[in-house]
Amino acid sequence: MKIQCMTIEEIKQGYIEKRFTVTEIVKSYINRIKKLDGEINVFITLCEESALKEAKEMDEKIKRGEKLGALGGIPVALKDNICTRGIKTTCASKMLEAFIPPYDATIVKKLKDAGAIIIGKTNMDEFAMGSSTENSAFKITKNPWDTKKVPGGSSGGSAAALSAGFAPLTIGSDTGGSIRLPAAFCGNVGFKPTYGLVSRYGLIAFASSLDQIGPFTKTVKDCAMSLNILVGNDPLDGTSVQEEIKIDYVSDLDQGVKGLKIGVPKEFFGEGLDEEIHESIQNAIKKLEDLGAIIEEFSLPIKKKGLSAYYMISSAEASSNLARYDGVRYGYRTENFKTIDELMINSRSEGFGEEVKRRIMLGTFVLSSGYYDAYYKKAMLFRKKIRNTFKEAFEKYDVILSPTSPKLPFNIGEKSEDPLQMYLSDIYTVNMNIAGVPAISIPCGFSQSKLPIGVQFIGDHYTEKKLLQVAFALEQALGIYKEVPVIKEGK
Ligand code: GLN
């Protein structure tokens, strides 16, 4: 089987049957990355040496008859805002270009404990602000299905890495859609868990009350397998779930959807939705109906205001979180200063990109004493309303279904000069972060021009298992998860 088609499940099985070694698998991925990443621009850092060393150790373990962990020998690529001990973590920003964390994020520790092998760090929008991965200080990642198109953002590097076949598991972060949107654009399964379910310790903060880490995988089962590793209480993260999580997300995936009530919010299907996406989602709904789900249209009137509230809340938090980059303690420091004020101003002016500065200014504005009541406070009141609206909806429905993105992957450069158009890409994803509820995007079809289309399932807090079951049922019925893009090597 070709390496770019392999799932975590298949690689694990291959190790058990001794069809290949861990070193062979890691080498195949590294060779593929070396051959093709020049076309896609995924990696900020490739960890070739350490990955091969770990693979060798893993092979020795197998020879000694020792058991591998749940992700033993599985290569994983991490978004470059997740701290990795001894490996550069840049947030795709000049500000952190030389930052080498002295510690691992909790999820990195968990992945390593499960036997996963870090293969590299992936490109992203600077500080996770963006929807296209064009806001990186280093390079623009391209969509493996069509390299003229964006891969979505801000975790575009991790999404593109997965669909380009550079790793069978990649990790992203989602503050307002940054896992789900690129998953939809690149044809992956992407999961944003309930707020607090996965530790944020070691995730470089954008908007702390919204940020969540989650996986990109080829299949829903792989997603469930990786969630098993990622979730759980962490004393190092005060907002992480308090109880011990004893759920096995993999078991009973094939429960089916018979009798399940799925709500379809009519506001998510109106103006602005691409016709081909609409059709593809209707087809998915029909499939679910055939499988015995009860589909009902209802009203969830939060879409537009939710987007405004999101950009206020996330920018407010960002302006505070990013105050730490002052050129004094760590990060980029200007050479051009005489006074302490100049040191701070010039370090920040030179170290941050356009979009990050825009968010800091917006955030500072909505928090300023003259405007706090009119903007930030209003947004927070609306946040409460969004939470309640979801609560009410989940009294009636097991799951809510919507498109993930209003548009197909767009051309590189098409929206980069128009921030409002870019922000509209998140119209179907931000509300789940505001409410803290989990959501998954899975591929549900292709456009005529062979660009992937994603469908989103949203659940009440801590109903990940149910979401995975519904997603699994649809995935199996559609049977499109085996398709991978063909990437042409250099000109
Ligand atoms: N695109 C959204 C933004 O720019 C979401 C980003 C994210 O989820 N990290 O804020």
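Counting begins at 1 with the first residue of the sequence. Just so you know, these numbers use all the heavy atoms, side chains as well, and skip hydrogens, waters and symmetry mates. Whatever order the structure lists them in is the order used to number ligands and atoms, beginning at 1.
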For the pair [X] and [Y], find out whether any cationic side-chain nitrogen is under 4.0 Å from an anionic carboxylate oxygen.
{"X": "D146", "Y": "K450", "value": "no"}
{"X": "D398", "Y": "K466", "value": "yes"}
{"X": "R358", "Y": "E355", "value": "yes"}

Checklist entry - After noting the C-alpha distance and the side-chain angles of N431 and F390, does the key distance pass the side chain to side chain contact (heavy atoms under 4.5 Å, CB included) rule? => result CA-CA 9 Å; N431 282 297; F390 270 114; 4.0 Å; yes
Numbered atoms of ligand 1 (with element) below 4.0 Å of [X], judged on heavy atoms:
{"X": "Y311", "result": "1 (N), 2 (C), 3 (C), 4 (O), 10 (O)"}
{"X": "F206", "result": "9 (N), 10 (O)"}
{"X": "A128", "result": "6 (C), 7 (C), 9 (N)"}
{"X": "G130", "result": "1 (N), 2 (C), 3 (C), 4 (O), 6 (C)"}
{"X": "M129", "result": "4 (O)"}
{"X": "D174", "result": "8 (O)"}
{"X": "D426", "result": "1 (N), 2 (C)"}

Item to check | Minimum-distance protein heavy atom relative to atom 5 (C) of ligand 1 | outcome: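 Going by distance alone, atom 5 (C) of ligand 1 is nearest to Y310 OH, 3.2 Å.
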Checklist outcome for this item: Checking heavy-atom distances from atom 4 (O) of ligand 1 to each of R359, Q212, R180, the winner is R359
Item to check | S314 touching ligand 1 at heavy-atom level, < 4.0 angstrom | outcome: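 No heavy atom of S314 comes that close to ligand 1.
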Next on the checklist: I'd like to check whether G176 has a polar contact with ligand 1, where a contact means an N/O of the residue lying under 3.5 Å from an N/O of the ligand.
Outcome noted: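 G176 vs ligand 1: N/O contact under 3.5 Å present.
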Next on the checklist: Any nitrogen or oxygen of G153, side chain or backbone, less than 3.5 Å from one on ligand 1?
Outcome noted: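 By distance alone, the answer is no.
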Checklist outcome for this item: Any heavy atom of S178 under 4.0 Å from ligand 1? The part involved is both
Next on the checklist: If we set the cut-off at 4.0 Å for heavy atoms, which region of Y423 has an atom near ligand 1: side chain, backbone, both, or neither?
Outcome noted: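 No part of Y423 is near ligand 1 at this cut-off.
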Next on the checklist: Between Q212 (side chain only) and Y195 (backbone N and O only), is there a donor and an acceptor less than 3.5 Å apart?
Outcome noted: no
Next on the checklist: Closer than 3.5 angstrom, by distance alone: can the side chain of D237 be matched with the main-chain N or O of S199 as a donor-acceptor pair?
Outcome noted: no
Item to check | Exceeds 12 heavy-atom contacts within 6.0 angstrom, atom OH of Y103 | outcome: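 Count over threshold, so yes.
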Item to check | Parallel, tilted or perpendicular, as decided by the 30° and 60° cut-offs, for the rings of Y330 and F99 | outcome: tilted
Next on the checklist: Would you call the rings of Y428 and F268 parallel, tilted or perpendicular, taking 30° and 60° as the class edges?
Outcome noted: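 Correct class here is parallel.
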